[in-house]
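Here the structure is a predicted model, which is why all the values come from computation and not from measurement. Note that ligands are numbered from 1 as they come in the structure, with each ligand's atoms numbered from 1 the same way. Position 1 is the first residue of the sequence, and the numbers go up from there.
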Amino acid sequence: EISPAGVKIKTLDKAGVLHRTKTVDKGKRLRKKHWSASWTVLEGGVLTFFKDSKASAAGGLRQPPKLSTPEYTVDLRGASLSWAPKDKSSRKNVLELRSRDGSEYLIQHDSEAIISTWYKAIGEGIQELSAD
Ligand code: I3P
């Protein structure tokens, strides 16, 4: 977003609770998948997954949890996003996000409508950065 003074300002694009797991860390495939429900924020071209918390899973959008430190921050510049192939997870509605540094994350929500809005928002975030 551009302010009246012509300065680019950070805006909160989207926030909510998603299931996510990291599968590759800078090119190195992780041995185990640890899915967790976590508060997730998309802002200024960065996707931040906060630490797992029961409060974040239960509170949803109505009651954001007291934010702990971020667990993963993903710079969307140079990232790519797709629907995860079936062999990546037995879960439904799974997105696969690959960052430019060679890390991969799976992102999931039981609601197809909700995961679709995230697909759109993250995809647009990636697009905007590639236009810079
Ligand atoms: C994994 C766990 C994951 C599952 C994964 C299992 O077992 O059940 O939820 O991924 O399947 O290996 P564990 O808890 O013993 O580590 P999905 O839920 O995404 O299917 P995978 O081995 O096929 O990746």
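Under the 4.0 Å distance rule, the nearest protein heavy atom to atom 15 (O) of ligand 1 falls inside the cut-off. At a distance under 4.0 Å, no protein heavy atom can be found next to atom 12 (O) of ligand 1. Counting protein heavy atoms under 4.0 angstrom from atom 21 (P) of ligand 1 gives one or more.
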**Message:** Evaluate Ile122 against Asp13 for side chain to side chain contact (heavy atoms under 4.5 Å, CB included), listing each step before the verdict.
**Reply:** CA-CA 9 Å; Ile122 297 169; Asp13 298 316; over 6 Å; no
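Using a 4.5 Å heavy-atom cutoff, the side chains of Arg20 and Tyr105 are not in contact.
Proximity to Ser90 (heavy-atom distance under 4.0 Å) selects the following atoms of ligand 1: 17 (P), 18 (O), 19 (O), 20 (O). Residue Trp35 has at least one heavy-atom neighbour below 4.0 Å for each of these atoms of ligand 1: 9 (O), 10 (O), 17 (P), 18 (O), 19 (O). Within ligand 1, the atoms closer than 4.0 Å to a non-hydrogen atom of Lys33 are 10 (O), 11 (O), 17 (P), 19 (O), 20 (O), 21 (P), 24 (O), numbered from 1 in the order shown.
The distance from atom OG1 of Thr48 to atom CD of Glu71, rounded to the nearest 0.5 Å, is 12.0 Å.
No side-chain donor-acceptor contact under 3.5 Å links Thr23 to the backbone of Thr21.
In the hydrophobic clustering of this structure, Trp83 groups with Leu47; members are Ile, Leu, Val, Met, Phe, Trp, Tyr whose side-chain heavy atoms approach within less than 4.5 Å, directly or through other members.
Protein heavy atom at the shortest distance from atom 19 (O) of ligand 1 is Ser89 OG, 2.5 Å.
Between Phe49 and Tyr72, the angle of the ring planes goes over 60°, which puts this pair in the perpendicular group of the 30/60° scheme.
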